[in-house]
Number of protein chains: 2
Amino acid sequence: MQDLLKQIQIRVNEKIYLKDPETSELGKRIIQESIRMIDEIGLESFTFRKLSEKLGTTESSVYRYFENKHKLLIYLTSWYWGWQEYRLVFNTANISVPEERLRIAIRVLTETASYDDLFPHINTQILNKIVICESSKAYLTKEVDQEKKMGFFAGYDRLCERISEMVLKVNPLYKNPHTLVSTIIEGIQRQKYFIAHMPSFTDILKDGEELTLFFTRMALIMTKSNGKNE
Amino acid sequence: MQDLLKQIQIRVNEKIYLKDPETSELGKRIIQESIRMIDEIGLESFTFRKLSEKLGTTESSVYRYFENKHKLLIYLTSWYWGWQEYRLVFNTANISVPEERLRIAIRVLTETASYDDLFPHINTQILNKIVICESSKAYLTKEVDQEKKMGFFAGYDRLCERISEMVLKVNPLYKNPHTLVSTIIEGIQRQKYFIAHMPSFTDILKDGEELTLFFTRMALIMTKSNGKNE
DNA sequence: AAAAAATAATAGTAATACTTTTAATATAAA
DNA sequence: TTTATATTAAAAGTATTACTATTATTTTTT
């Protein structure tokens, strides 16, 4: 099983990069170190110059992989959502009770996965922190419409679609599966941020079971409530 | 009544600006034009140079009001939440049925208010668009913790607090009023963005009543569901 | 062994995000 | 009304950013 899984690679839309970072040593180091660095100093202060200095390479070498740091951010978040999709599929395989599947889906989204040794150059735990703090900057731009069309957010899209389907399995009459699911996914990230930095916006003291319960309840109760309480 | 209301001013934390833009003609023009400009070209492309050129003044004059564009963004979003708080209080005054108050609160948050002639230099409709696209960038930074301490987000905080109190009036036993309210407020903005730019993340085709209903249902159903469905 | 691709080293440019200095103008207090 | 004070305008300067370009060197593939 381990050996089989070693073949797995998270696919990312080719248009996001100039050269696939998975195909070279330098490419992998760019990913590895940029995750560390963005987490440490924040996206705003992060530059390709600083990154290349840390890597002992040059700016122009980094530019051969990514057009700019915006594309790199899109790459990292796309990879993350691709990885989450893989975790979702893996964890819900062989579970047939719709409600149970949905519960597991929310758990996959809320639980901070520990280091995933299938991807040794990607620290998924730190990457999750980046997703919490920086991922919305990837689409809150003037270029969204084109980038959406080019499929830059397709990974996130697929994840949202899969969970929406699970919602519909629980209640085929439910009218707003996508709205609910995207509100929950975004809400999870935001609440994790509030817990860490703006505690007056939440009642939850630390990232953990309570957060999972809150969003699990939201998912189930909304899904099953169709049409009532208007 | 009109005359009385003319006295109203939205208060913004003094530490956000160097000189209060409300106290001079240039200050008001800075606010007016920056709203227009950020909406038009986006926060990333917006610079104090471009703003001052448009205003027929100089960069250094703009810098006397705001330390940098980040502070200006915080000013604009703070003003917006202060204004929403005022709208909330105004619209829920004299309504005593808790559930009805909460319904109105959600409506205030979802409905795009038309031009508010109490504030002639602030186009609240465009400002709302800025809040949707740019406001999260105001706190998703490495400086949040200090800025939170300095009360830069106090306006948003108060709004969240007020609505949380309404939730508790509906169900005093409800455990997560702040988590619910902040998830809803953030969710509303995000859904409006998805409707406009990333329709695959929502089932709602256009900003309107359907969005209000979705979040009203979420508010009421979650508030009243305490403890069940875990 | 030759050809192609990738990387390193170096330099350069336009724009950004400011800061500083000085001069002109408006306003408010004595 | 004068004087002090604050405000704005004009101009210039600096460090950093976000790239692009050129050439040389090394590595990989054919």
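All chains are named by letter (A, B, ...) in the order of the sequence lines, taking the proteins before the strands, and each is independently numbered beginning at 1.
In this structure, B:Ser61 reaches the D:dA9 phosphate: one of its side-chain N or O atoms is under 4.0 Å from OP1 or OP2. For the OP1/OP2 pair of D:dT8 and a distance below 4.0 Å, the side-chain nitrogens and oxygens of B:Thr57 include no atom meeting the criterion. Put simply, B:Tyr65 has a side-chain N or O that comes within less than 4.0 Å of OP1 or OP2 on D:dT8.
B:Leu26 places its CG atom 5 Å from the P atom of D:dT8, with the value rounded to the nearest Å. Note: NE2 (A:His70) to C1' (D:dC19) measures 16 Å, nearest angstrom. Atom P of nucleotide C:dA6 and atom CD1 of A:Ile30 are separated by 13 Å, given to the nearest angstrom. Distance B:Glu25 CD to C:dT25 C1': 17 Å, rounded to the nearest Å. Atom CZ in A:Phe66 sits roughly 20 Å away from atom P in D:dT17 (whole-Å rounding). Atoms CG (A:Leu18) and P (D:dC19) sit 11 Å apart, rounded to a whole Å. Between the CG atom of A:Leu55 and the C1' atom of C:dA9 there is a distance of 16 Å, given to the nearest Å.
Test B:Leu18, B:Ile31, B:Leu73, B:Ile74 against B:Phe66 for side chain to side chain contact (heavy atoms under 4.5 Å, CB included) and you get one pass: B:Ile31.
Sorted by residue number, the members of residues 34-53 of chain B with any non-hydrogen atom under 4.0 Å from DNA chain C read B:Thr47, B:Arg49, B:Lys50.
With hydrogens and angles disregarded, no donor-acceptor distance shorter than 3.5 Å links the side chain of A:Gln32 to the backbone of A:Ile122. For A:Asp203 (side chain) and B:His178 (main-chain N/O), a donor-acceptor pair under 3.5 Å exists by modelled atom type. Between the side chain of B:Lys69 and the main chain of B:Glu44, a donor-acceptor pair closer than 3.5 Å is present. Side-chain N or O atoms of A:Lys137 include one that pairs as donor or acceptor with a backbone N or O of B:Leu140 at under 3.5 Å.
Counting heavy atoms of neighbouring residues, nucleotides and ligands inside a 6.0 Å radius, atom NZ of B:Lys50 exceeds 12 of them.
Minimum atom distance to the side chain of B:Lys19 is reached by D:dT8, of the listed D:dA18, D:dT8, C:dT7. Relative to the side chain of A:Thr58, the nucleotides D:dT7, C:dA8, D:dA10 differ in distance, and C:dA8 lies closest. Among C:dT7, C:dA17, D:dT7, the nucleotide with an atom closest to any side-chain atom of A:Arg64 is C:dT7.
A perpendicular orientation is assigned to the rings of A:Tyr75 and A:Tyr17, their planes being inclined by more than 60° (bins at 30° and 60°). Aromatic ring pairs are classed by plane angle as parallel below 30°, tilted from 30° to 60° and perpendicular above 60°; the pair B:Phe119 and B:Tyr86 is perpendicular.
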Checking A:Ile195 against A:Phe201 for the side chain to side chain contact (heavy atoms under 4.5 Å, CB included) test, could you report, in this order, the C-alpha distance in whole Å, the side-chain angles of both residues, the deciding distance, and whether it holds?
CA-CA 8 Å; A:Ile195 290 167; A:Phe201 290 88; over 6 Å; no
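Within the structure, ring pair (Phe, Tyr, Trp, His ring centres under 6.0 Å) pairs that include any residue of residues 26-47 of chain B do not occur (at least two apart or interchain).
In this structure, B:Ser24 reaches the sugar-phosphate backbone alone: every heavy-atom distance under 4.0 Å involves primed, P, OP1 or OP2 atoms, never a base.
When each of B:Gly56 and A:Glu67 is assigned the nucleotide of DNA chain D bearing its nearest heavy atom, the one mapping closer to the 5' terminus is B:Gly56.
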Footprint string (nucleotides 23-30 of chain D, 5' to 3'): B base within contact, S backbone only, - free, heavy atoms under 4.0 Å:
--------
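In the interface, the side chain of A:Glu59 is paired with the base of D:dC19 through a donor and an acceptor atom under 3.5 Å apart.
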